[in-house]
Every structure is written in structure tokens, then in C-alpha cells.
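The structure appears right after this line, and notes come after that.
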Protein chains: 2
Amino acid sequence: MARAATTSDAFNAIAEPQRREILVLLRGGERPVTDLARDLGMTQPQASKHLRVLREVGLVQVRGAGKQRLYGLDARGLRPIHEWVGGFERFWNESFDRLDEYVQELKQARQEGPQDGDDQ
Amino acid sequence: MARAATTSDAFNAIAEPQRREILVLLRGGERPVTDLARDLGMTQPQASKHLRVLREVGLVQVRGAGKQRLYGLDARGLRPIHEWVGGFERFWNESFDRLDEYVQELKQARQEGPQDGDDQ
DNA sequence: TTGACGCATTCCGATATAGGCATATGATGG
DNA sequence: CCATCATATGCCTATATCGGAATGCGTCAA
């Protein structure tokens with residue numbers, strides 16, 4: 001029907017580059033919205049919206065500090081992603097080996113040789 | 001103006017659960033489209049579309065095998081994701097420390113409310 | 001060639017995004 | 001209470017998604 005909501009999980013939330021940048025900035029510590037917006041060259045409403053998404057999936061937390069609201073990183077939600085992707089670790093190493101055979105097959109295929117005839 | 005294209009990068013491509021499932025299945029080796037579709041309980045066109053996206057971002061490769069087209073994993077595109085997310089590793093551990101203060105605050109707050117049973 | 005199979009690609013509709021802009025809400029200080 | 005700063009939310013448009021159904025290829029077997 002449409003793409004899954006950006007707030008449906010961390011995978012969707014971090015699919016947006018600006019949200020990733022926000023998370024990276026927050027590694028440096030808590031920060032108010034305007035600060036983030038300025039540093040990332042986006043408008044304040046934009047920042048607020050992105051932060052809302054990040055908050056809904058639990059990747060950031062807010063803390064009221066007087067007039068300001070300090071957003072802080074809560075990276076625990078990234079762990080499942082790291083683990084899921086990590087499940088492919090041996091494959092992106094293996095890929096080079098596997099591609100070796102692959103490449104050779106392709107070389108042969110390119111020769112257009114029907115049944116035999118190949119060298120090299 | 002709209003969300004970034006699913007084909008814009010691996011982050012967006014794997015935001016879709018079904019595509020993640022496809023990738024997982026492909027860890028078991030190359031497979032034809034219909035096979036994947038059946039195993040994942042989706043229609044063949046759906047599978048083809050998802051595979052197209054995965055292919056455009058380079059996460060899978062295709063290889064014609066007679067009538068069939070065998071899709072295979074190319075996990076190299078997942079590596080940048082793993083690294084990016086890995087950049088937060090110390091934070092989701094640290095979170096527990098930082099959360100220590102947090103949890104204590106919560107405990108105090110809870111001391112007035114109902115108690116949760118212990119679990120494990 | 002015809003037919004059957006495997007797969008890709010259309011067209012359709014519904015949805016919700018990201019961006020820009022205006023404005024509402026909230027808290028602080030006089 | 002009022003003005004001000006900090007942030008959130010509402011409204012709007014353009015866009016691209018995912019899902020479904022139908023159909024268009026390309027390949028193989030008689």
C-alpha cells in the first residue's frame with residue numbers, strides 16, 4: 001500500500017540520511033534542537049520532525065532543560081540492526097572468493113564458445 | 001519531497017522487511033525467483049520487484065540459468081551499514097551505565113507505584 | 001511453430017513521506 | 001500578564017512506494 005512508516009522500526013528510521021547525521025552528532029552528547037538544526041543546515045521544524053521520528057523508535061530521548069529540550073542518544077535500538085547486518089559478515093568477505101569463480105565463469109561465457117575452446 | 005528512493009542506497013533497500021527476508025534466504029545460496037516467492041509467501045511479481053531493488057543497490061546479483069534466473073547474495077553493500085552502526089557500539093553498552101542513573105530515578109519513582117513482578 | 005513455463009514489467013490506487021511555511025504550545029523573565 | 005525565546009505541530013504539494021492483477025517477454029521442449 002505504501003512504504004512502511006519511518007517510525008515502524010529503527011531500520012526505517014535510519015534510512016533517512018539526515019536522521020543518521022543527527023544520531024552521529026548526538027554521539028557528542030545531548031543537544032538542543034536549534035543547535036542540531038543549525039549544525040546540519042536544516043530548518044528547526046525539519047529537525048524537530050526528524051527528532052520526533054527518532055524518538056518514536058526509541059533512538060533518542062528528550063529531557064527538558066528549562067526553555068530547551070535536550071535530545072540525547074539512546075543507541076540500544078541500533079543493536080538489533082548491527083546484529084542483523086552482522087549475520088552477513090562472512091558473506092561480504094566470502095564474496096571476494098566466490099566472485100573469483102564467478103568472474104572466471106563470466107570470462108568463459110564472454111568467449112561465446114559453444115562447448116569448448118577456452119584458454120587462459 | 002518524498003522519501004528517498006528505496007534504490008538510493010542499501011540503507012533504504014533493507015528498510016523493507018521482505019527484502020531483508022530475501023537476503024536472509026539467499027545466504028543459503030542462489031535461488032530462482034519463484035522459489036523465493038513461494039518460501040516467503042509473496043507473489044512472484046512482488047518478489048521480482050523486491051529483487052530488482054536489491055539488485056539496483058547491488059545487494060544481489062543475477063545469473064541466467066536456462067529458463068530460470070538465479071539470484072545470489074552480494075553482501076558487500078552491507079558492510080558500510082555494519083560499520084556505520086558499529087560506530088555506535090560503545091553507546092549501546094554505555095547506555096547501560098548512563099541508564100544506571102536513569103534506572104535509579106525510575107526506581108524511586110516506582111517506589112510509590114505498584115511493583116512489577118520479578119522476571120527473567 | 002506452438003505451447004508451456006519462468007520471470008519482468010506494466011498500470012492502478014492508496015498511503016505517507018520530506019520539505020517549506022505559518023503558527024501553536026511551552027517555559028522564562030520582567 | 002506580556003513579551004520573548006525554544007520547540008512542536010499543522011497544512012500543503014510532489015513524489016515514490018507497496019500491493020494486486022494482467023500482460024509482455026524469453027527460453028525450452030515437442
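Among the protein residues, B:Arg19 comes within range of the sugar-phosphate backbone only, with heavy atoms under 4.0 Å from sugar or phosphate atoms but none that close to a base.
Every residue two or more places apart in sequence or in another chain that forms a salt bridge (charged side-chain N to carboxylate O under 4.0 Å, His left out) with B:Glu83 is listed here: B:Arg79. Every residue two or more places apart in sequence or in another chain that forms a salt bridge (charged side-chain N to carboxylate O under 4.0 Å, His left out) with A:Arg31 is listed here: A:Asp35, A:Asp39. The side-chain contact (heavy atoms from CB on, under 4.5 Å) check on A:Arg20 picks up A:Ile14, A:Pro17, B:Asp9, B:Phe11, B:Trp84, with sequence neighbours excluded. Every residue two or more places apart in sequence or in another chain that forms a salt bridge (charged side-chain N to carboxylate O under 4.0 Å, His left out) with A:Glu56 is listed here: A:Arg52.
Nucleotide C:dT17 holds its P atom 12 Å from the NE2 atom of A:His50, rounded to whole Å. What separates CD of A:Gln18 from C1' of C:dG20 is a distance of 13 Å, to the nearest Å.
Distance check, rounded to the nearest 0.5 Å: CG of A:Leu23 to CZ of B:Phe88 gives 5.0 Å.
Using a 4.0 Å cut-off on heavy atoms, the residues of residues 5-14 of chain A that approach DNA chain C are A:Ala5, A:Thr6, listed by number.
Each of A:Thr43 and A:Ala4 was matched to the nucleotide of DNA chain C holding its nearest heavy atom; the match closer to the 5' end belongs to A:Ala4.
At least one donor-acceptor pair under 3.5 Å links the side chain of A:Glu16 to the backbone N or O of A:Gln18.
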Q.
Return a single string for nucleotides 6-14 of chain D, one symbol per nucleotide in 5' to 3' order, where B is base contact, S is sugar-phosphate-only contact and - is none, cutoff 4.0 angstrom on heavy atoms.
A. SBBBBB--B
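Cluster annotation: A:Leu70 and A:Leu59 are assigned to distinct hydrophobic clusters (Ile/Leu/Val/Met/Phe/Trp/Tyr, side-chain heavy-atom contacts under 4.5 Å, transitive). Linking ILVMFWY residues whenever their side-chain heavy atoms come closer than 4.5 Å, directly or via other members, places B:Tyr71 and B:Val57 in the same cluster.
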